[in-house]
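Structure, as structure tokens:
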Amino acid sequence: MEIAKKARAILTVALLAFNVSFSSLAQSAPQNPQSQQTQPAQQQQYRVRVTSELVLVNVVVRDKKGNLVRDLKKDDFTLLEEGKRQAISTFDFENVDELATAGAAESTVSGTAPERGLLRSADQSGSLNARDRRLMLLFFDFSGMEPEDIERSVNAAKKFVQTRMQPADMIALVSLATNMRIDLDFSDDKTKVLSVLNSYTSGQGQGFDNGLTGSSEGAAETGGAFTADDTDYNTFNADRKLLALQAIMQSLGKISQKKAIIYFSNGISQNGVDNQSALRAATAAAVKANVSIYPVDIRGLQAFPPGGEAQSASLHGQSAYNGAAVLNDLSSNASTQDTLSTLASDTGGKAFFDSNDFGAVFSQVQKDSSAYYVLGFTSTNAQKDGKFRHLKVQLNRQDLKLDYRSGYYAGRDFEHLNRADREQQIQDELASELSQTDVSVYAGASYFRQDDSHYYLSVSLVIPGTQIPFVQAKDKDNATIDVIGEVRTGDGKFAVGHQRDTVKLAVDSAQQVRRKNVQYNTGFLLAPGSYHLKFVVRENQTGRMGSFETDVQIPDLRKTPLRMSSVVLSSQRVPAGTKKASGPHPLVQDQTELVPNVTHVFTQDQHLYLQYEVYDAARGKNPAAASGANGLANSAASANGGANSAATAATNGGANSAAAKGNANAASAEAAKTPPAKAPKDSVRVFTSIEFIQGSTKVYESKPIVANEVTAPDRKAVIFQIDLPLQSLKPGFYVCQVNVVDDVSGNFAFPRSPILVKEAVPQAASTAPTGK
């Protein structure tokens with residue numbers, strides 16, 4: 001089902017007049033049930049980040065005859081980065097050939113333990129001992145492969161395992177089709193490796209071939225009316241392959257020894273600069289993880305006959321008659337190999353193209369990994385600009401030949417990320433299972449019915465102003481905030497709503513904002529059910545991010561006796577702009593928007609605004625004349641606009657308030673002069689009132705308000721908006737109970753919300769400094 005989404009970008013500097021510091025706000029946040037889910041983790045858990053700037057360089061040393069040199073020392077090497085000498089902090093020599101003559105096997109110790117490996121487990125204690133071992137990962141990119149290509153690649157791997165695999169070799173198997181799978185973790189058991197290879201079939205390919213580019217010239221004749229332009233799909237397809245490689249690098253980075261990835265592929269086609277970001281990320285991850293990539297074009301040595309191959313359809317246009325088709329085929333084949341060549345050269349590997357002997361790649365990997373030196377250094381260039389830095393390794397002996405990678409990409413901080421990388425960063429954070437907490441984020445959600453099968457879920461995010469750095473520009477302090485959010489089904493399988501926005505702040509004084517909160521409001525149109533809500537917020541000065549996620553339940557009100565929306569508590573009303581007024585938004589009434597108070601924290605000098613709705617109120621005959629409290633309620637409602645003004649009434653703040661008594665007497669006098677209007681014989685009759693409860697004592701109850709008409713006929717809703725001054729309530733915790741009674745049907749509901757009332761801050765103390 002296509003779920004419509006209403007995404008509203010409303011940024012409000014919330015004038016929460018309690019003027020407390022963020023530390024006080026954090027203490028009061030647990031009063032919001034949704035904030036309770038994140039608060040204990042913030043108090044009891046600590047995140048420790050360790051950043052390693054060590055750069056590893058593998059060096060293979062050979063003499064004039066091509067024999068490996070194994071007796072060099074640390075002082076024999078000189079390492080240069082961009083011409084500047086670097087201090088070698090770590091030095092190691094890996095001699096894989098020694099494992100074959102390590103000695104006789106010892107007695108066998110048997111037992112059972114849970115499966116644990118380098119790729120599957122994130123626990124460092126479960127990592128294998130890779131000392132003097134040759135680690136080879138065979139990556140089969142089945143996406144887009146023809147059946148004969150799959151058979152050739154699998155047969156080449158099986159032949160190597162059966163005839164040339166050495167005791168020091170450990171092999172892992174990974175495949176990519178509709179998704180990426182770790183089919184076998186690192187193992188030196190030939191039987192187990194062959195068993196997995198035998199499970200691969202020619203039907204593994206899933207048809208992820210590159211599409212056409214919109215031009216019919218030279219394209220195969222399929223009988224279609226037009227030639228589709230699949231450029232965007234091709235961009236996605238290339239990124240998919242590169243991101244799969246990057247994911248493998250992140251798993252292989254747990255050990256410092258050299259790793260080799262033998263990448264069986266039918267090529268990667270880039271589309272201009274669109275795939276450069278993913279390619280750069282893949283090579284940078286490989287260098288950081290000390291991985292060399294050895295791509296193999298499994299298509300082998302190809303011939304391109306004029307007019308195309310026999311299994312292809314005839315070509316459009318004149319290309320088949322002038323040689324352009326052959327030229328296009330050659331150019332296309334070369335472009336798919338360029339990316340593979342880049343992956344090999346930038347990671348210290350070697351590419352294998354245009355050959356039907358696929359065993360050469362295994363020989364090359366074994367040769368490059370037999371004996372090598374690992375040099376580690378910390379660069380003297382501390383800038384994280386993401387640029388490529390050239391490396392040069394020298395020896396004090398001139399008769400030796402060195403093989404090593406030519407350089408590496410430096411890390412990049414947020415300042416040096418381009419637009420595509422910044423977007424990828426926040427998208428990755430949205431998909432991450434471990435949420436960032438550098439920026440504190442609070443959120444609240446409420447639902448309102450649009451029709452029997454759709455509900456508007458209003459979402460409010462609150463960011464403390466102290467968390468946002470401002471930059472002085474002209475006469476204002478500026479800042480930008482990126483917001484991304486997603487609503488998924490309760491099981492997390494499907495996304496049913498998405499929000500992405502960039503908000504710009506420009507205020508006369510950043511001090512005013514830092515003392516308050518920044519609030520962002522949006523919404524989604526959803527069906528009843530269970531959902532998981534996650535939002536990520538990033539401030540774009542330092543790149544710090546924060547996340548908030550919670551489960552949300554939207555009930556099916558058709559199954560409840562009294563059909564009622566959420567109760568929204570607020571301390572602020574703001575004028576609604578044209579953007580806010582468009583589309584369904586229940587919190588906008590009469591060009592005024594109610595700003596939800598997410599933390600439920602108020603001060604005595606504020607007003608408590610409540611808004612809620614009752615749906616499908618029963619209709620029936622009402623008493624001809626109301627008396628007692630009901631008559632007073634009718635008069636009060638009439639004096640304040642009645643049900644036709646959205647059933648809005650201002651009640652007194654407490655029985656002990658003299659001003660409140662005056663208001664009540666005035667309302668009584670007005671009621672005595674004006675006879676109560678008779679309600680229609682066939683109308684609704686819904687009563688509501690507000691109570692404040694402290695402990696087991698009811699400290700205040702407002703006068704009842706009655707609504708006799710449906711306020712929003714299109715949604716069959718009776719809307720209540722209540723205004724309660726808080727000056728008579730003593731500071732402390734309260735339970736705000738909303739009493740709602742459908743007098744015709746006899747149904748009722750009593751929703752409750754915890755609130756905290758704080759002492760009002762003197763006006764002089766709340767004035768923000770204006771000094772520059």
Side-chain angles (χ1 to χ4, degrees), residues 49-61 72 74-92 94 242-243 245-246 248-250 252-261 270 273 275-295 338-351 368 372-396 400-422 424-425 543:
R49 294 183 179 178
V50 180
T51 303
S52 175
E53 302 295 340
L54 187 68
V55 181
L56 300 178
V57 183
N58 302 316
V59 183
V60 179
V61 184
L72 298 177
K74 175 182 176 181
D75 296 336
D76 296 329
F77 292 87
T78 300
L79 183 59
L80 304 176
E81 179 187 280
E82 299 294 346
K84 296 181 180 180
R85 184 167 182 172
Q86 307 293 321
I88 301 175
S89 56
T90 63
F91 179 83
D92 192 17
E94 296 288 332
L242 294 171
L243 291 175
L245 282 169
Q246 184 182 354
I248 296 175
M249 310 303 176
Q250 295 171 353
L252 293 177
K254 300 172 184 176
I255 57 177
S256 60
Q257 281 77 13
K258 181 179 181 180
K259 285 83 61 179
I261 293 181
Q270 290 193 66
V273 297
N275 301 118
Q276 286 296 318
S277 178
L279 176 61
R280 184 174 181 175
T283 54
V287 172
K288 184 177 182 180
N290 199 10
V291 176
S292 297
I293 302 177
Y294 294 80
D338 284 345
T339 306
L340 300 181
S341 180
T342 301
L343 289 171
S345 60
D346 287 352
T347 61
K350 183 179 179 180
D368 292 346
Y372 58 93
Y373 300 88
V374 182
L375 311 182
F377 72 97
T378 301
S379 176
T380 57
N381 185 357
Q383 290 187 356
K384 296 184 177 181
D385 52 12
K387 295 182 178 180
F388 188 82
R389 300 178 182 177
H390 295 85
L391 296 176
K392 186 175 182 180
V393 181
Q394 298 176 341
L395 279 175
N396 54 12
L400 302 179
K401 180 181 178 181
L402 306 182
D403 288 333
Y404 56 91
R405 65 170 178 262
S406 60
Y408 71 100
Y409 283 105
R412 284 189 293 176
D413 54 17
F414 184 77
E415 180 182 356
H416 292 91
L417 293 179
N418 56 34
R419 179 179 298 180
D421 293 330
R422 290 190 178 190
Q424 186 63 46
Q425 181 195 50

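Just so we're clear, the structure is a prediction, and the values are computed from it rather than from any experiment.
Across all non-hydrogen atoms, the minimal contact from Tyr404 to Leu391 is CE1-O, 3.8 Å. The nearest pair of heavy atoms linking Ala282 to Leu242 is CB-O, 3.9 Å. Taking each heavy atom of Leu80 and Gln394 in turn, the nearest pair found is CD1-NE2, 4.0 Å. The two residues Ala351 and Ala344 come nearest to each other via the heavy atoms N-CB, 3.7 Å. Pairing each heavy atom of Leu72 with each of Phe77, the nearest pair is CD1-CZ, 3.7 Å.
Atom NZ of Lys74 has more than 12 neighbouring heavy atoms from other residues, nucleotides or ligands inside a 6.0 Å radius.
For Ser406, the side-chain contact (heavy atoms from CB on, under 4.5 Å) partners at least two apart in sequence or on another chain are Phe388. Residues passing the side chain to side chain donor-acceptor pair (under 3.5 Å) test with Asp75, sequence neighbours excluded: none. With sequence neighbours left out, the side chain to side chain donor-acceptor pair (under 3.5 Å) criterion links Asp368 to Tyr294, Gln364. In this structure Glu82 satisfies the side chain to side chain donor-acceptor pair (under 3.5 Å) test together with His390, sequence neighbours excluded. Considering only residues two or more places apart in sequence or on other chains, Thr347 meets the side-chain contact (heavy atoms from CB on, under 4.5 Å) condition with Ala286, Ile293. In this structure, the side-chain contact (heavy atoms from CB on, under 4.5 Å) partners of Asn418, at least two apart in sequence or on a different chain, are Arg412, Ala420, Asp421. Among residues two or more places apart in sequence or in another chain, the side chain to side chain donor-acceptor pair (under 3.5 Å) test is passed with Asn290 by Asn58. Taking the ring-ring contact (aromatic ring centres under 6.0 Å, His included) definition, one finds that Tyr408 meets it with nothing, sequence neighbours left out. For Ser341, the side-chain contact (heavy atoms from CB on, under 4.5 Å) partners are Phe353, not counting sequence neighbours. Residues satisfying the salt bridge (charged side-chain N to carboxylate O under 4.0 Å, His left out) test with Arg389, not counting sequence neighbours, are Glu81, Asp385. Applying the salt bridge (charged side-chain N to carboxylate O under 4.0 Å, His left out) criterion to Asp413, with sequence neighbours excluded, gives no partner residue.
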What do the steps show when you test Ile88 against Gln86 for side chain to side chain contact (heavy atoms under 4.5 Å, CB included), and what is the final call? CA-CA 6 Å; Ile88 301 175; Gln86 307 293 321; over 6 Å; no
Verdict with reasoning, Thr339 to Leu279, per side chain to side chain contact (heavy atoms under 4.5 Å, CB included): CA-CA 8 Å; Thr339 306; Leu279 176 61; 4.0 Å; yes
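When side chains are defined from C-beta on, Thr378 does not count as touching Val55, because their heavy atoms never get closer than 4.5 Å.
Within the 3.5 Å criterion, the main-chain N or O of Thr380 finds no donor-acceptor partner in the side chain of Lys84. With hydrogens and angles ignored, the 3.5 Å screen pairs a side-chain donor or acceptor of Lys259 with a backbone N or O of Ala289.
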